[in-house]
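Data first, discussion second: the structure below is written as structure tokens.
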2 protein chains.
Amino acid sequence: MFDVNTYFDKKVVSISHNGAEGKATIGVMKAGEYEFGTSTVEIMTVISGEMQIMFPGESEWKTYQKFDSFRVEKDSKFKVKVEQDTPYLCIYK
Amino acid sequence: MFDVNTYFDKKVVSISHNGAEGKATIGVMKAGEYEFGTSTVEIMTVISGEMQIMFPGESEWKTYQKFDSFRVEKDSKFKVKVEQDTPYLCIYK
């Protein structure tokens with residue numbers, strides 16, 4: 001059985017699993033802007049559409065498209081902005 | 001808010017959404033073999049690991065890897081076999 005977690009008033013939903021790439025979640029975000037905190041290194045991949053990301057200590061958004069990945073360091077905060085339902089994969093290192 | 005559905009004794013969990021590629025689900029399957037029925041054309045993509053697929057009317061498994069996609073026709077049944085937790089994207093046409 002999988003753990004399903006919700007965040008930000010259920011605007012983000014994720015399913016925890018442990019597959020070929022180790023501990024991971026897949027989830028979907030509704031249109032909006034979110035700030036996430038990390039407790040491990042996270043490798044995040046856009047599964048459909050695009051995400052705008054503001055990395056820790058930066059002041060400009062970077063855009064990632066379908067199947068693009070980006071890395072966020074441990075114990076940091078980053079912002080995600082999406083314009084529609086956007087599925088993602090997150091791998092914890 | 002997203003609809004979360006479970007199938008096969010909760011060994012398959014999926015999240016419905018409507019994003020850049022239209023009506024879709026992302027989900028995860030636990031190790032096992034499953035038979036799914038379609039009510040639309042479905043474009044399925046492996047998100048991590050691999051899936052073995054037996055298409056309608058065929059008798060051999062075909063293997064699809066991370067980010068590979070395959071199409072299943074409307075009103076048909078197909079089998080999926082996975083050896084570990086395997087996340088996928090399914091787009092309904």
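Remember, it's a predicted structure, so these values are computed and weren't measured experimentally. Any value given below was found using the heavy atoms of this structure, including those in side chains, with hydrogens, waters and symmetry copies removed. Just so we're on the same page: letters track the sequence lines, and every chain starts at 1.
Highest contact tally toward chain A, considering only B/Asp9, B/Thr86, B/Ile15, is held by B/Ile15 [criterion: heavy-atom pairs under 4.5 Å]. Contact count versus chain A (heavy atoms, under 4.5 Å) is highest, among B/His17, B/Met1, B/Lys11, for B/His17. Ranked by heavy-atom pairs under 4.5 Å with chain B, the list A/Val12, A/Ile47, A/Val4 is led by A/Ile47.
Both the backbone and the side chain of A/Ser48 come within less than 4.5 Å of a heavy atom in chain B. Contact annotation for A/Leu89: only side-chain heavy atoms (C-beta onward) come within less than 4.5 Å of a heavy atom of chain B.
The line from CG of A/Asp85 to CZ of B/Phe2 is 4.0 Å long, rounded to the nearest 0.5 Å.
Contacts with chain A (heavy atom to heavy atom, under 4.5 Å) involve these residues of residues 58-82 of chain B, listed by number: B/Lys66, B/Phe67. Heavy-atom neighbours of chain A within the stretch residues 22-46 of chain B, taken at a separation under 4.5 angstrom, comprise B/Ile26, B/Gly27, B/Val28, B/Met29, B/Lys30, B/Thr45.
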